[in-house]
Amino acid sequence: MSTAEAAPETAEAQDPGHRSKSSSPRQIPVIGVVAEDEEMQGVFKPMDLNRVIKLLEENDEDDLEEKQLKSVKKLVRYYQNGLPLRDLAQIFKILNLCAGKIENQPCFIEPAYDILKLCGLPFLKKKVSDEITYAEDTANSVALLGELMKIPSSELRIQICKCIIDFYHSEPPKKHIPGYQQASSSYKIKMAEVGGLAKTMVQSMILLENQLVEKLWVLKVLQHLSTSEANCTLMVKAQAASKICAHLNDTDPSGQLLFRSSEILWNLLEKSSKEEIIQQLSNLECLLALKKVFKNLFMRGFSHYDRQLRNDILVITTIIAQNPGAPMIECGFTRDLILFATFNEVKSQNPLVKGLKLSNSYEDFELKKLLFNIIVILCKDLPTVQLLIDGKVVLALFTYVKRPEKHKIIEWSVAQHEELQLHAIATLSSVAPLLIEEYMSCQGNARVLAFLEWCESEDPFFSHGNSFHGTGGRGNKFAQMRYSLRLLRAMVYLEDETVNTDLCEKGTIQQLIGIFKNMISKSNEKEEAIVLEIQSDILLILSGLCEHHIQRKEIFGTEGVDIILHVMKADPKKFQSGLGYSVLLFSTLDSIWCCILGCYPSEDYFLEKEGIFLLLDILALNQKKFCNLILGIMVEFCDNPKTAAHVNAWRGKKGQTAASLLIKLWRTEEKELGVKRDKNGKIVVMDVAENIRAKIYAVLGKLDFENLPGLSAEDFITLCIIHRYLDFKIGEIWNEIYEEIKLEKLRPVSSDKKILESITTASETIGKMVASLQSEMIESQTRQDMQNEQRVYTKIQGTHKQRELANKSWENFLARTSNAKILKKAKRLQEKAIESSKYNEQPQNAIYHRTVIRGLNTTVPSGRVVTVESTPVRLLGGPLADTDIALKKLPIRGGALQRVKTVKTVDETKKSIPS
């Protein structure tokens, strides 16, 4: 075997990560020096890379530089089709050595440049496992590219950037090399992530402050790197967001800097910690840069690209504005954004908007919506309120809250105007509660009520319903109604008496009740969700207006009660459908509390329409979320003397009474709280923590705890505890006081100690008394159960006895009919019994009539009329089948008479036919 053939085998057997010293007897790693014909075939021949490294490290010989350059050029020539992974570490060491010589020997720029060009070629593997085996060496080598950015050579920096960009645009090798295959397309990208290349590239931007071309190349690299979450995390650690944002306004005639910077910021926000990015951008320097960029694009950007970029910058600003600590007001950005949002609706003399006009293009339409959206975010910062007042934001938004005007030319299309209208009303719901005076000065209530009147009217209007705010409102005005009601709800819940009084004076209560009734008739399955939301909001608004005002409750009146009863009569299954019925029911219960309770005519009407029955029906559903509110309403309703009769008259499933239902809820609550009971239902550990039991106690207390119908023994046992709930609660409080005194090691004075002990003793006595009463009830119930059981047994015994007598009678009858001797004997006994029953002394001149027909061989009582036992006509027919004669059938074994047809008697002169 020749030396040339043996060398590759030795190199493969050697550890790939091991570097042999020159004195080592083992073969060193080699790659092929190719002949010209072999080069055309792409075959690697031995070449000593360690010799090249050693040559570059030397500096003694006179002609050393020429030899070094020659050896590097030879290396570049032999790797022109790709870099094997096993040699990558040595090649990058050679690159690093060349880079280190550039400062004193500029001639090494070209070799370093050539090697960097090789790095853009495919990485080659000889074995499938090479990607794993050489992963660490590859990651370290790729990371070296970022470190080489420190070399003050524009040519090299640009080539490094091109090399990294080529990672994302891999191409197959120009020539196929036998025994090698290209590493996977994502291998370089993954190694760049592992090696932390993104971090070093961000850090290199400090070196490029005044180098625009190089800076653009670095931004292009970062744009590619930021498509990975791992790289974005590394970039965030290097403060990439703040560094890039601070230089958005650097001079760049091409416009690439702004575009690539915004793209990188977007990727960082999407693929890394959003909170961390917001913190990095929430400084005065970054916000001033964003402000300047946005103003320039807003005022001077007219191309499609400029408008898109403007909107992207505004979205990034919106995200930053979510941070309360961002100095949006201090940098003047908030004032400018408010101006840009309202200059179309409210005329301004500010030179920034003089002569500006938005078109109906998609980008300008999106800008308008983004400006409305950022106002909602900015108004959460209270110092912004004054700027909103100065900018007349409420007046600008109210220009959209009106019915469409015919023949009026508007700058937006119909669909765009509708979407902006809904967005403006939604924005008012956030802004108007902060600016009550401005809202009232703009006649806000009157505008909203007039708009609601239009929403309810039959005016022709075709809604497009394309936007988020228009969901469920296609072809109708439901979307406009929904957001108008949300605005009213937000204002009413401020509890500002000026606003609420103005609403009531304008007839809001009657108008809302009318809208609710109309919604009942208009609703269908397709629009059910939005209709339910509208109805819920109406009830909440009415609750807010009527609460604590008897006169307004009277205005609510019977019509208001009717809409409440309508909701309560809904199918109970709907309350679990997820379409908003639960919210509607909550709103309904709240309106009962706020709009009915306290107004006696409304209470009486509610009772008259069986409202209490409906409340108890819902309570019987055992929905935990409703129980507390319903019980609170029941407590208040029980102050009305007419309520008790309705409560006691209610019956649920299987005849359950209201008292039984309440006691069952009590036990359920105790079970959830972990209150321990014995097998008979007696409480083992006393517990009276805060829960719905207090309300159950209050309701039963107003029913006097007496004469409660439909209670079982277990219910009565529980009722004893409920009856003493207040005593137990007082005892619990004093027990807590006593335990705190002991915990703090305090010694009460003798009089206080005596009082405390007496209170504790009294509580214990009450507990024992309740336990004793429960025991008596249990014993009484046990006795009652035993008596009931005995009665049942007696009844069963009597039934069996009757059954035995009937069987014996039947057996006697069979014996008489089948045995003549027994029949005769029975006849004799019968006649003897008849004779013994007669009166022995006959009066004088008395006529004696025989009561027995002679010659009969029967033992049954016989008379002139008898029943003829025959085969039923309905089965076989017979001689009587077609006659009018019908007989009464008297079964021998007893039973009720069966009437078949009209009964006719046989002629009394005829003799009876014996059976």
Side-chain angles (χ1 to χ4, degrees), residues 19-22 28-34 39 46-84 86-121 123 137-166 192 195 197 200-201 203-218 221:
R19 297 180 180 175
S20 302
K21 296 182 180 178
S22 58
I28 58 177
V30 295
I31 64 167
V33 178
V34 296
E39 181 185 347
M47 178 179 179
D48 190 350
L49 290 177
N50 284 339
R51 180 177 174 278
V52 177
I53 293 172
K54 185 176 180 181
L55 185 63
L56 288 171
E57 289 175 343
E58 294 178 357
N59 52 13
D60 297 336
E61 299 181 17
D62 295 337
D63 59 344
L64 182 62
E65 181 178 302
E66 184 178 351
K67 292 180 180 179
Q68 292 172 336
L69 292 174
K70 186 176 180 181
S71 64
V72 173
K73 288 180 180 179
K74 187 181 292 187
L75 179 147
V76 171
R77 180 184 175 190
Y78 296 142
Y79 283 107
Q80 61 183 334
N81 291 323
L83 301 179
R86 65 180 184 180
D87 299 330
L88 205 60
Q90 291 173 301
I91 294 172
F92 269 85
K93 185 173 183 181
I94 293 170
L95 172 61
N96 196 30
L97 290 171
C98 292
K101 294 177 177 293
I102 290 176
E103 185 176 359
N104 297 323
Q105 297 172 278
C107 58
F108 276 92
I109 291 180
E110 184 178 352
Y113 180 86
D114 292 338
I115 295 175
L116 284 172
K117 289 180 68 176
L118 295 179
C119 296
L121 298 175
F123 287 174
D137 288 344
T138 306
N140 293 335
S141 301
V142 172
L144 182 63
L145 294 175
E147 299 294 334
L148 294 177
M149 289 295 293
K150 297 177 183 177
I151 300 173
S153 169
S154 176
E155 187 179 6
L156 285 181
R157 288 172 174 170
I158 293 173
Q159 184 55 44
I160 290 170
C161 294
K162 289 181 179 180
C163 173
I164 298 172
I165 293 170
D166 287 339
L197 178 62
T200 54
M201 292 303 294
Q203 293 170 344
S204 69
M205 292 184 66
I206 302 174
L207 308 172
L208 310 175
E209 291 289 339
N210 301 314
Q211 307 296 326
L212 177 60
V213 177
E214 299 165 28
K215 187 186 297 184
L216 292 177
W217 275 105
V218 171
V221 169

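- Atom-to-atom distance recorded for Phe108:CZ and Leu97:CG is 9.5 Å, nearest 0.5 angstrom.
- Considering every non-hydrogen atom in both Val72 and Pro111, the closest pair reads CG1-CB, 3.5 Å.
- For Glu110, the CD atom counts as loosely surrounded, since its 6.0 Å shell holds 12 or fewer non-hydrogen atoms of other residues, nucleotides or ligands.
- The minimum heavy-atom distance between Gly146 and Met201, with the atom names listed, is CA-SD, 4.0 Å.
- Counting heavy atoms from C-beta on, the side chains of Ile102 and Leu156 come closer than 4.5 Å.
- Taking 4.5 Å as the limit, some side-chain heavy atom of Leu75 sits within range of a side-chain heavy atom of Leu49.
- More than 12 heavy atoms of other residues, nucleotides or ligands lie within 6.0 Å of CD in Gln105, so this atom counts as buried by the packing criterion.
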Leu148 vs Leu95, test: side-chain contact (heavy atoms from CB on, under 4.5 Å). Steps then yes/no. CA-CA 9 Å; Leu148 294 177; Leu95 172 61; 3.5 Å; yes
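- Atoms CG and CG, from Leu121 and Leu83 in turn, are 6.0 Å apart once rounded to the nearest 0.5 Å.
- Minimum interatomic distance between Ala143 and Thr200 (heavy atoms only, all atoms of both residues): O-OG1, 4.4 Å.
- Minimum heavy-atom separation, Asn50 to Gln90: OD1-NE2, 2.8 Å.
- Considering all non-hydrogen atoms of both residues, Glu58 and Leu64 come closest at O-CD2, 2.8 Å.
- Lys93 is listed as a side-chain neighbour of Glu57, based on a closest heavy-atom distance under 4.5 Å.
- In terms of modelled atom types and a separation under 3.5 Å, the side chain of Arg157 and the main chain of Met149 share a donor-acceptor contact.
- Going from atom CD of Gln68 over to atom SG of Cys107 covers 8.5 Å, rounded to the nearest 0.5 Å.
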Yes or no on side-chain contact (heavy atoms from CB on, under 4.5 Å) for Leu88 and Asp137, after CA distance, side-chain angles and deciding distance? CA-CA 7 Å; Leu88 205 60; Asp137 288 344; 6.0 Å; no
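- Shown are Val76, Val52, Ile53, Ile94; of these, the side chain to side chain contact (heavy atoms under 4.5 Å, CB included) with Ser71 is made only by Val52.
- Taken from OG in Ser154 to CD in Gln159, the straight-line distance is 11.5 Å, to the nearest 0.5 Å.
- Between Leu69 atom CG and Cys98 atom SG the span is 8.0 Å, to the nearest 0.5 Å.
- Taking all atoms of both residues into account, the shortest heavy-atom contact from Leu118 to Tyr79 is CD2-O, 3.3 Å.
- Leu145 contributes atom CG, which lies 4.5 Å from atom CZ of Phe92 (distance to the nearest 0.5 angstrom).
- More than 12 heavy atoms of other residues, nucleotides or ligands lie within 6.0 Å of NZ in Lys101, so this atom counts as buried by the packing criterion.
- Remark: the backbone N or O of Asn210 is not paired with any side-chain donor or acceptor of Lys215 at under 3.5 angstrom.
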